[in-house]
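Excluded from the calculations below are hydrogen atoms, water molecules and symmetry mates; all remaining heavy atoms, backbone and side chain alike, are included. Computed from a predicted structure; not experimentally measured.
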Amino acid sequence: MTLLPTNPTIKNLTPEIVAKTIDHALLKPDMTVNQVIEGCKLCAKYGTASVCVKPCDVRVAAETLKDSDVDVGTVIGFPHGNATTEVKVFEALKAIDDGAVELDMVINIGHLKSGCTDEVREEIRSLTQAAKNRLPSCCVKVILECSLLTDAEKATACKLVEEAGADYVKTSTGFSSGGATVADLQLMRASTDPARTHVKASGGIRTLDDLIKCLQAGADRIGASATATIIEDMRTRKASE
């Protein structure tokens, strides 16, 4: 994981550091295999932290990126989180076997809103433990879908994720009614222990300025599809300093 400055700005960031905060998203339902391959090549070109692909594309992503330092990630229970725990765990283990080393799982939103906190915690714990038993270095991120939650529900979800032992809380799928906001990121950072749980921003982050605002609010990983635009802008601004 890239160590970020305490207060990230254009001045103390580099294009390489910015790239290593990005999980490049290749999740559109109509994306072709060739588009996935080209997206993976873009990740290798810029040196992103990871690529995040659909489960059906994990194998091709792992093959395309096998000679790079870009990690392969995928989504679990995506985008609504409604699969049963057993199905999510199976999906996670299959993804690891196919080459994924990062898993972004969607929380069971309806059960969280129903107050089924023990059930939600145990689902996250079951998946996290199964994934880390299969691959100890596996990074598990839990998507809350903040646009559908109250602030109290967001704070509760953060605590459940931390208690369950997952690595990240994440704002959004990018496929619901809203994306990452500074207010949500600040709440998520305040609701978790930075020594135990990281924060990922995702949804609507299309510019370098958007990305930096998210980092300043407490995120250290960014889900984005506008990767080339963001990093090229960073290069241009650094060149003009």
Side-chain angles (χ1 to χ4, degrees), residues 1-4 8 10 13-76 78-79 91-92 94-105 131 135 137-141 143 167-168 170 172-175 179-180 198 200-212 214-215 219-239:
M1 182 179 300
T2 300
L3 186 62
L4 290 170
I10 294 291
L13 291 170
T14 66
E16 293 75 22
I17 292 174
V18 168
K20 282 302 179 191
T21 69
I22 296 176
D23 292 343
H24 183 61
L26 300 173
L27 297 170
K28 291 181 179 179
D30 58 345
M31 185 165 279
T32 67
V33 172
N34 283 339
Q35 287 174 320
V36 171
I37 292 171
E38 289 305 309
C40 290
K41 290 178 179 177
L42 183 147
C43 291
K45 172 184 175 181
Y46 286 112
T48 61
S50 80
V51 66
C52 188
V53 299
K54 294 171 288 186
C56 60
D57 293 325
V58 168
R59 284 188 176 183
V60 70
E63 176 63 24
T64 305
L65 291 166
K66 64 183 179 181
D67 296 322
S68 77
D69 68 347
V70 178
D71 287 337
V72 174
T74 192
V75 286
I76 304 298
F78 193 85
E91 189 175 26
K94 180 66 168 64
I96 291 170
D97 291 344
D98 285 347
V101 298
E102 299 199 357
L103 306 174
D104 290 27
M105 68 169 288
L135 180 69
S137 62
C138 185
C139 179
V140 179
K141 312 184 199 100
I143 305 170
D167 301 289
Y168 274 82
K170 175 179 171 182
S172 322
T173 62
F175 288 83
H198 299 275
K200 176 177 173 179
S202 184
I205 304 165
R206 300 184 178 90
T207 68
L208 176 60
D209 291 329
D210 290 340
L211 180 146
I212 291 175
C214 290
L215 296 180
D220 60 43
R221 195 73 75 88
I222 306 294
S225 56
T227 300
T229 298
I230 291 168
I231 298 175
E232 290 298 338
D233 187 17
M234 185 65 184
R235 289 178 174 177
T236 299
R237 296 202 208 182
K238 294 301 283 188

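- The closest side-chain donor-acceptor pair between T227 and H24 falls under 3.5 angstrom.
- In this structure, K170 contributes its side chain and M105 its backbone to no donor-acceptor pair below 3.5 Å.
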### Message
Under the criterion side chain to side chain contact (heavy atoms under 4.5 Å, CB included), I'd like the reasoning laid out for D220 against T21: C-alpha separation, chi angles, the key distance, then a yes or no.
### Response
CA-CA 6 Å; D220 60 43; T21 69; over 6 Å; no
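- Annotation: the span from M234 atom CE to E16 atom CD amounts to 9.0 Å, rounded to 0.5 Å.
- Taking NZ of K45 as the reference point, atom CD of E38 lies at 11.0 Å (rounded to 0.5 Å).
- Within the 3.5 Å criterion, the main-chain N or O of V75 finds no donor-acceptor partner in the side chain of D104.
- The side-chain heavy atoms of D57 and L26, taken from C-beta on, include no pair separated by under 4.5 Å.
- A 6.0 Å sphere centred on CZ of R206 holds no more than 12 heavy atoms belonging to other residues, nucleotides or ligands.
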#### Entry: Derivation of the side chain to side chain contact (heavy atoms under 4.5 Å, CB included) call for T173 and L27
CA-CA 10 Å; T173 62; L27 297 170; over 6 Å; no
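- Taking the side chain as every heavy atom from C-beta outward, D98 and T74 never approach each other to under 4.5 Å.
- Rounding to the nearest 0.5 angstrom, the gap separating the CG atom in D23 from the OH atom in Y168 is 7.5 Å.
- The line from OG1 of T48 to CG of D69 is 8.5 Å long, rounded to the nearest 0.5 Å.
- A201 and A180 get closest at one heavy-atom pair: CB-CB, 4.0 Å.
- The heavy-atom pair separating L103 from A95 by the smallest distance is CD2-CB, 4.0 Å.
- Side-chain contact between S50 and R221: present, with at least one pair of heavy atoms (C-beta onward) separated by less than 4.5 Å.
- The line from CG of L13 to CZ of R237 is 11.0 Å long, rounded to the nearest 0.5 Å.
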### Message
Run the side chain to side chain contact (heavy atoms under 4.5 Å, CB included) test on D233 and T207 for me, step by step, so that the C-alpha distance in whole Å, both residues' side-chain angles and the decisive distance to 0.1 Å come before the verdict.
### Response
CA-CA 8 Å; D233 187 17; T207 68; 5.8 Å; no
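- Judged by distance alone, the side chain of S172 and the main-chain N or O of S202 form a donor-acceptor pair under 3.5 Å.
- The two residues T64 and K41 make their nearest non-hydrogen contact at CG2-CG, 4.2 Å.
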### Query
When you look at L42 and V51, which way does the side chain to side chain contact (heavy atoms under 4.5 Å, CB included) test go after all the steps?
CA-CA 10 Å; L42 183 147; V51 66; over 6 Å; no
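- Between D210 and I222, every side-chain heavy-atom pair lies at or beyond the 4.5 Å cut-off.
- Heavy-atom minimum distance, S225 versus A25: CB-O, 3.8 Å.
- Annotation: K28, atom NZ; neighbour count of heavy atoms from other residues, nucleotides and ligands within 6.0 Å does not exceed 12.
- L208 is listed as a side-chain neighbour of I10, based on a closest heavy-atom distance under 4.5 Å.
- Among all heavy-atom pairs drawn from P29 and K54, the shortest one is O-NZ, 3.6 Å.
- With a 4.5 Å cut-off on side-chain heavy atoms, K66 and E63 count as touching.
- A donor-acceptor pair under 3.5 Å links the side-chain atoms of K20 to the main chain of G47, judged by distance alone.
- The side-chain heavy atoms of Y46 and R235, taken from C-beta on, include a pair separated by under 4.5 Å.
- The structure places CD1 of I230 at 10.0 Å from CG of D209, a figure rounded to the nearest 0.5 Å.
- Between C138 and I96 the shortest heavy-atom distance is SG-CD1, 4.1 Å.
- At a threshold of 4.0 Å, the pair K200-E102 does not count as salt-bridged, since none of the basic side-chain nitrogens sits closer than that to a carboxylate oxygen.
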